[in-house]
Amino acid sequence: MFAIILYHGVDSGERWDRSMTPTDREYVLSRRLFEEHIAYLSTHAIPVTSLSDCRDASDASDASDASNDERAPSGARGDRRPAVVLTFDDGDVSGYTTAAPILERFGFRGEFFVVTNWIGRAGFMTSVQLRELSARGHRIHSHSRTHPMLPALETTAIDEEVIASKRELEAAVGAPVEYFSIPNGAYDARVLDAARRAGYAGVLDSMAGYNERPTASFVLRRFSPKSYTAVADIASICERPRYTAARVALRRSTLTAAKHLLGGRYDRLRHALVSRKGRS
Ligand SMILES: [Zn+2]
C-alpha cells in the first residue's frame with residue numbers, strides 16, 4: 001500500500017511571480033512547514049519512493065492488508081505503514097528553487113507534474129530547470145497543456161491536452177513521461193481513454209485516499225496538504241492508515257450528503273467555508 005502526497009508551491013518568502021487565486025494560495029505551504037513535513041518523513045524512517053519503483057515492487061504487495069478498507073474501525077493502530085510518494089502539481093518554480101533542494105537534503109526525490117504551456121512563464125519552471133531536476137533523479141510528468149476542465153472539452157482537444165503534452169514534455173526533458181495528473185481533479189471516460197492510448201502508466205486524481213498497488217487501479221488517489229496542514233496530519237497518513245482512511249470516508253459521505261441536500265448552493269457554501277478555514 002502507498003500514499004501519494006500532493007503539494008503545489010512552497011513559499012520561501014522570496015519573490016512570488018505567479019498571480020494566484022485565494023484557492024491557489026490555500027495550497028501553498030510555507031518553506032518552514034514544508035521542511036517540517038519532509039523532516040518528519042526522514043526522522044520517522046517513512047519509506048519515500050517513486051511511482052515507478054512502487055509499480056516495480058507491486059508484486060510483493062500483501063493481499064491481506066486491510067488498511068484500504070474504509071469501514072475499518074477508527075483509531076485502530078498497529079496497521080502496516082504505507083510507502084509515500086511525493087508529488088508536486090503545476091510546475092511552480094518553487095519546485096526547483098525550494099522543494100527539490102529540501103527533498104535532496106533528506107535523500108528524497110519528487111515527482112513534478114507540469115503544465116506544458118506554462119513552462120518558462122514567470123513563476124514556473126523552465127525546460128532547462130526541468131531537465132536538471134530529471135538529471136538529479138526527480139521525475140517529470142504531465143499535468144496537461146493548459147490546465148483546463150477536461151470534461152468540458154471536445155474529444156480531440158482532450159487528446160491534445162493528454163497525449164500531445166506527453167510527447168512535448170518527453171522532447172523537452174529527454175526522459176519518459178509516465179504519469180498524468182488530472183487538472184482540477186475533473187475527468188470522464190474520454191480522459192482515461194486518452195491517457196491509456198497515450199501509454200501512461202496511470203493518472204493521478206486529487207481525491208484523498210490510499211492506493212493498493214499502482215497496477216491495481218489506473219486512477220491513483222492523493223492526499224493534498226494545505227497551507228495549514230500540520231505535521232500531525234502527515235504523521236496520521238503515514239502511521240495510522242486505518243484511522244485516516246475512516247476519516248476520509250466519513251468526510252466524503254458528509255460532503256456527498258451536503259451536495260445532495262444543498263444542490264447548487266453547495267459550491268458557494270464550500271467556498272465560504274474553505275476561505276474561512278484558509279485564513280486560520
Ligand atoms: Zn493543477
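Everything numeric here is computed off the predicted structure, so don't read it as measured data. Note that ligands are numbered from 1 as they come in the structure, with each ligand's atoms numbered from 1 the same way.
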With Ser253, which residues qualify under side chain to side chain contact (heavy atoms under 4.5 Å, CB included), at least two apart? Leu250

With a 3.5 Å cut-off and no angle check, do the side chains of Glu212 and Ser217 form a donor-acceptor pair? no

If we only look closer than 2.8 Å, how many protein N, O or S atoms does the Zn ion (ligand 1) have near it? 3

Please work out whether the ring planes of Phe108 and Phe106 are parallel, tilted or perpendicular, with thresholds of 30° and 60°. parallel

Taking atom types as modelled, is there a side-chain donor on Asp90 or His143 under 3.5 Å from an acceptor on the other? yes

Heavy-atom neighbours of Arg167 CZ exceed 12 at 6.0 Å: yes

Taking the side chain as C-beta and beyond, is there a heavy-atom pair between Arg139 and Pro176 under 4.5 Å? no

